[in-house]
Amino acid sequence: MSRLRRFLRDNAVPLALLSPAVLVILLVVLLPLLFSLYTSFSNYRLIRPESLWDVVWFRNYLRVLGDGDFWAALGRTVLFLTLVLNLEMLLGLGLALMVNRLTFGQRTMRTIMMFPMMFSPILVGFQFKYMFNDTIGVVNNALQSLGLTSHAIPFLVDRWLAFASIAIAEIWMSTSIFAILILAGLFAMPRDPVEAARVDGCTNWQVFRHITLPFLMPFIYIAMTIRSLDVARAYDIVDVMTGGGPAGRTELLWTLIARTAYDDSRMGQANAMAYVSILLSIFFTWYFFRKLMAARKHLGVF
Amino acid sequence: MAEVSLRNVVKRYGGHKVVHGIDLDIAHNEFVVLVGPSGCGKSTTLRMIAGLEEISEGEISIGDRVVNRLAPRQRNISMVFQNYALYPHMTVRENLGFSLKIAGKPPAEIEAAADEAARILGLQPYMDRTPGELSGGQRQRVAMGRAIVRHPDVFLFDEPLSNLDAKLRTQMRVEIKKLHRQVGTTVVYVTHDQVEAMTLADRIVIMKDGHIVQTGTPLEVFERPVNTFVASFIGSPPMNLVKGELRGGVVELAGGGQLPVPPGIQTPPEGARVIFGFRADNFMPVGHGLAETGPVALLELPVTLAEPLGAESLILTELAGVEVQGKMLNPRPIQPGEVLSFQLSLDRCHLFDADTGKSLR
Ligand SMILES: Nc1ncnc2c1ncn2[C@@H]1O[C@H](COP(=O)(O)OP(=O)(O)O)[C@@H](O)[C@H]1O
Ligand SMILES: [Mg+2]
C-alpha cells in the first residue's frame, strides 16, 4: 500500500499529464466495447429500447453456435480470405518482380500501381457490379460481341460466379498493397547472396526459390497481416455487388451481422456474432504475426 | 586441370571503358593475386571470370572451355566475397552444404562434405548458428568453407580480408595460404593491399586504370619494378624517388647534390631527365645496416624524425629537398637534427625515365 502511495507521489506530474489521454481512451474505446459486450448478453432490439435491460446470458451465443447460416457465412469468409489473400500475394509478387526489373519508368509504374487503392470500396463495388451485370454489363457485352458465348452469363446470380466476381473486385482493389510491400523488400535486398547463389550453381528459378523468396517472406507476412484484417471485415463491396445474395449465397460474416443488427434489429444477437467473428481476425493476425517473427529472425536485417 | 586464360579482355560500362584489353595466363594450381589501387578494375576482372559481369570484348577460358557465354553455375568456380555474402536465413551447416544440395547430391554426402569443411576451418562449434550469430572472422571462415566444399576448378577471392581487423587479417592470410597448399586449386585473389599480395601470391599482377602494369613473382616485382608506379606501390615503406638529370655520367639531383648511376643500368643520353629510386632497406646509417657486398655511396644527412618499430627504426631525412626514408637496424635513440652518415647500396638502386616513369634497367 505504501509502495503504491510512493509511486503515485513520485510520479504525480506524469500521471496527471497522462490522465486526459487515459480518460479519452476509456470513453472512446473501452466504454463502447463494454457496452457491446453487455448487449451480446441481452435481448437488445433496436426498435424496442427497453429490451436493453432484458438479460438473457448466453442464449445469443448458444443460438449463434447452433445457427447454420452463421457457420456457412464463417466458412465462406474463411474461403474468401484464403482465396483473395493467396491470389493477391501471387499477383503482387509477380507485379513487384516485373516492376523491379524495369530500368526506366519505374516511379511512374509505382504510382500507377497505387491507383486502385485511391477509390472508395463502395465505388469499386458499383463499378464491378455494372461491369458484371448480365444485361448491360461490359463483360457480357464483350464476350457476346466476340462470339465467345451466345447468351448472357449471370455473373452476379450464380453462386460461384458471384463469389468469384466479388473476389475479383477485392483483388483488383488491393493487390497493390502486396506489390508495394514486396517491392520495398526487393529494394532492400542485398545483391551479394544472390550472386553467391549463382556462383554456387543456382539457376534463376533456384535463386528466386532459395534466396529471394525467403528474404521477401517477412514483407509478404506484413501484407498478409494487414490484408487479413481487411478482408475478414469485408462488407462494402459485397453489400454493393450482391447484398449477400442471391438467397444468401455470398453472405459473409459482416453482411450477416449487419443484416441481423439493422434489418432484423436484433442487436444483442448481432453483437454475439461479432464477438465470435473477432476471434477469427485475432487468429489470423496471431498466425501471420508469428510467421513474420519466425521469418525475420534469421534475416538479421530488420 | 584448370588453367585460366584471359585474351584481350575488355569491359565497358555504357561507353566507359574500365578494363582495357587484359591478357593473362594462370597455370593450374597457381595462386595469382590481382593488386592495385581502388577502382583500377580488379573486381570487374574477377567478376568477368566468375560470370557475374558480361565480357565486352575478348575471351576468357577456364580449362579448355571458353566461358564467355556460360552462366556462373556452369563454370565450376567458387567465389569468396568481400562482405562474405552468406545466406542469412540458413545455418552454417546449410550455408556450407547449399551448393551440393543444389547440385542434387545425396544428404549423407552433403553432410560429410560440410563436416569436412568445418573441420578444416574449425567451424564445428558453430554449425547450427545463423550468420547473424557469428563474428566477422567466423563469417569469413564460413564463406571460405562454402567455397571449398564444391571442389571447384578455380577459387576466386574478392578482397576477402578487408573487413577484418589487422590481427585477424594476418591470421586468416596464413590460413588461406595453408588452405591453398591443402586443396591445391587455381586461385585468383583480388586485393588492394600489397602486403597481402606479396605474402600470398605465387605471381602478382599489378593493375592500374584497367591495364596490367607488371606481372611477376613477389620478388621480381619488388626488386625489378617496371616503372615508378610499381616502385611506389609495392613494398613498405614505398620506394624513395628523387628527381634529377643525367650530367657527365652522374645524376645531378634537382634539389642539389649528385648520385652515381647505379650499376647495370643502360646509360641514358646526356641531359635525360630521370628519377633515382631506392628503398629504405638499402639506405641505412653506417654501423646500423647489413654488411655491404657491392658499391655504396655515403651521404651525410640530418634526421628529421625517427620512428622506432622495435627491432628497427624508420628514419626520415631529406635528400636534395625530397623527404626520404631509411632504416636503422639495432636502433639507438636518435634526436631530430642529428646528422648521420647513410650508406646507399648502389647495386640495389633504380633509375627511371622521368617522362614515362619506365625503368631504365
Ligand atoms: N556497375 C558499374 N557501372 C558503372 N561503372 C562501374 C560499375 N562497376 C564498376 N564500375 C567502375 O569500374 C571501375 C573499376 O571498378 P572495380 O573493378 O570495382 O575496381 P576495384 O579495382 O576497386 O575492384 C571503377 O571506376 C568503377 O567506378
Ligand atoms: Mg573491388
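Here is the naming used below: chain letters follow the sequence lines, and residue numbers restart at 1 for every chain.
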Visitor: Sub-4.5 Å heavy-atom contacts with chain A: which residues of residues 46-59 of chain B show up?
Guide: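 The list, in residue order, reads B:R47, B:G51, B:L52.
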Visitor: If I measure from the heavy atoms of chain B, does A:Q206 come under 4.5 Å with its side chain, its backbone, both, or neither?
Guide: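 Contact with chain B involves the side chain of A:Q206 alone.
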Visitor: Once you measure the plane-to-plane angle for B:F98 and A:H210, does it fall in the parallel (<30°), tilted (30-60°) or perpendicular (>60°) bin?
Guide: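 Rings of B:F98 and A:H210: perpendicular, as their planes differ by over 60°.
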Visitor: In terms of side-chain heavy atoms, does B:D158 have a donor or acceptor partner in B:S43 at a distance below 3.5 Å?
Guide: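 Judged by distance alone, the side chains do pair up.
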Visitor: In residues 78-91 of chain A, which residues are in contact with chain B at a heavy-atom separation under 4.5 Å?
Guide: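 Listed by number: none.
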Visitor: Can you tell whether the side chains of B:R75 and B:D153 come within less than 4.0 Å, N to carboxylate O?
Guide: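 Looking at B:D153 together with B:R75, the answer is no, because their closest N to O distance does not fall below 4.0 Å.
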Visitor: Any salt bridge linking B:R203 with B:D25? Criterion: basic side-chain nitrogen under 4.0 Å from a carboxylate oxygen.
Guide: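 Answer for the salt bridge query: no.
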Visitor: Aromatic rings B:F155 and B:F157: how do their planes relate, parallel, tilted or perpendicular, breaks at 30° and 60°?
Guide: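 Judged by the thresholds at 30° and 60°, the geometry between B:F155 and B:F157 is tilted.
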Visitor: Salt-bridged, A:R198 to A:E195, with N to O below 4.0 Å?
Guide: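 No salt bridge links A:R198 with A:E195.
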Visitor: Are the side chain of B:Y84 and the backbone of B:R141 linked by a donor-acceptor contact shorter than 3.5 Å?
Guide: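 Looks like no, no N/O pair under 3.5 Å.
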Visitor: Keeping the roles fixed (side chain from A:D192, backbone from B:L86), state whether a donor-acceptor pair exists under 3.5 Å.
Guide: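 Absent.
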Visitor: Taking B:R73 first and then A:D200, would you say they form a salt bridge - that is, a charged N and a carboxylate O separated by under 4.0 Å?
Guide: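 A:D200 and B:R73: not salt-bridged.
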Visitor: State yes or no: are the ring centers of A:F208 and A:W205 separated by less than 6.0 Å?
Guide: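 Yes, they do, as the ring centres are separated by less than 6.0 Å.
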